[in-house]
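Worksheet: the structure to be examined is printed underneath.
We count residues from 1, following the sequence as given. Bear in mind that the values here come from a model prediction, so they are computed numbers and not experimental data. Computation of the quantities below employed the complete heavy-atom set of this structure, encompassing side-chain atoms and omitting hydrogens, waters and symmetry-equivalent molecules.
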Amino acid sequence: MITILKGDDTDALGNTLKVTINVPDIDLAGCKLELSFLGVRREMPCDKENSYLLALSAEETAAMPLGVTLATVRLIDRLGRRHTLTNTLKIKITDNVSEAYGHSAKISDISITIPPLLAGATYDLGGTNGDTRAFIARLAEALGATVVNTEVNS
């Protein structure tokens, strides 16, 4: 099974997706290999090793649904005639780095800076419940929430 990380280029940073076919009784001279799945179609010239690198862009993989799909592999001869080798090559699209690459990057330190959402505001912790609610409402609005007060007369 071929595993692809959704949203990644398959050939980034030296990564490769290699498809190898074993057809000992077929002369591949002048042939092309065609691989198609999920609307993607690639033709690659046949070589002596019968190994082909599959390069997909981040945009292509981002558009693919998560899960396992079946790909079709065909040989195309010099006259453009097609011979299907398989239509059940499993390809898995995942959003799990370890599953796609066999490991995840080790990140030891991440810093997040939050802008001063309440700069200049003063709140009395000894105040009323209304003061506390006003503080929470201001914080919620600063973070993008819509705040309503159902206790105010309309």
Side-chain angles (χ1 to χ4, degrees), residues 1-121 132-150:
M1 179 172 354
I2 295 172
T3 304
I4 296 171
L5 186 67
K6 183 178 177 82
D8 268 11
D9 292 285
T10 61
D11 60 351
L13 300 174
N15 288 322
T16 58
L17 282 180
K18 187 183 279 190
V19 179
T20 303
I21 61 169
N22 184 9
V23 286
D25 299 333
I26 299 176
D27 178 12
L28 298 179
C31 289
K32 293 183 216 171
L33 181 80
E34 177 188 84
L35 177 72
S36 59
F37 67 101
L38 296 175
V40 171
R41 186 175 151 274
R42 292 290 192 276
E43 282 185 16
M44 300 155 270
C46 292
D47 64 14
K48 292 180 181 163
E49 290 89 37
N50 297 336
S51 292
Y52 309 90
L53 299 181
L54 177 60
L56 300 170
S57 71
E59 292 78 22
E60 287 174 309
T61 65
M64 295 177 176
L66 295 174
V68 177
T69 189
L70 300 177
T72 299
V73 180
R74 292 185 179 97
L75 285 175
I76 304 170
D77 71 12
R78 282 177 246 120
L79 299 175
R81 299 176 296 192
R82 288 172 163 71
H83 174 76
T84 301
L85 298 173
T86 184
N87 59 0
T88 58
L89 174 64
K90 291 181 181 179
I91 297 183
K92 183 172 189 173
I93 311 303
T94 183
D95 57 2
N96 183 309
V97 173
S98 295
E99 194 172 25
Y101 300 131
H103 68 294
S104 1
K106 292 189 172 46
I107 301 173
S108 60
D109 190 19
I110 295 178
S111 297
I112 299 173
T113 303
I114 298 175
L117 300 174
L118 300 173
T132 304
R133 290 172 49 190
F135 172 77
I136 292 170
R138 173 93 189 262
L139 181 61
E141 284 176 335
L143 293 172
T146 301
V147 176
V148 296
N149 186 348
T150 58

Query raised in the report: Under 3.5 Å, is there a donor-acceptor pair between the side chain of T10 and the main chain of L54?
Result: yes
Spacing of [atom1] belonging to [X] relative to [atom2] belonging to [Y], to within rounding of 0.5 Å:
X	Y	atom1	atom2	answer
T69	L89	OG1	CG	10.0 Å
E99	L5	CD	CG	9.5 Å
I4	D95	CD1	CG	13.5 Å
K32	R82	NZ	CZ	8.5 Å
I93	L56	CD1	CG	8.0 Å
L85	E34	CG	CD	10.5 Å

Heavy-atom closest contact ([X] atom, [Y] atom, distance):
X	Y	answer
T61	D8	OG1-O, 2.8 Å
A58	G7	CB-O, 3.3 Å
L70	F37	O-CB, 4.0 Å
L53	M44	O-SD, 3.6 Å
C46	L33	SG-N, 4.0 Å
D77	C31	CA-SG, 3.9 Å

Query raised in the report: Do I91 and M64 pass the side-chain contact (heavy atoms from CB on, under 4.5 Å) test, and can you show the C-alpha distance, the side-chain angles, and the key distance before you say yes or no?
Result: CA-CA 11 Å; I91 297 183; M64 295 177 176; over 6 Å; no
Query raised in the report: Given K6, which of N96, T94, L66 fulfils the side-chain contact (heavy atoms from CB on, under 4.5 Å) condition?
Result: L66
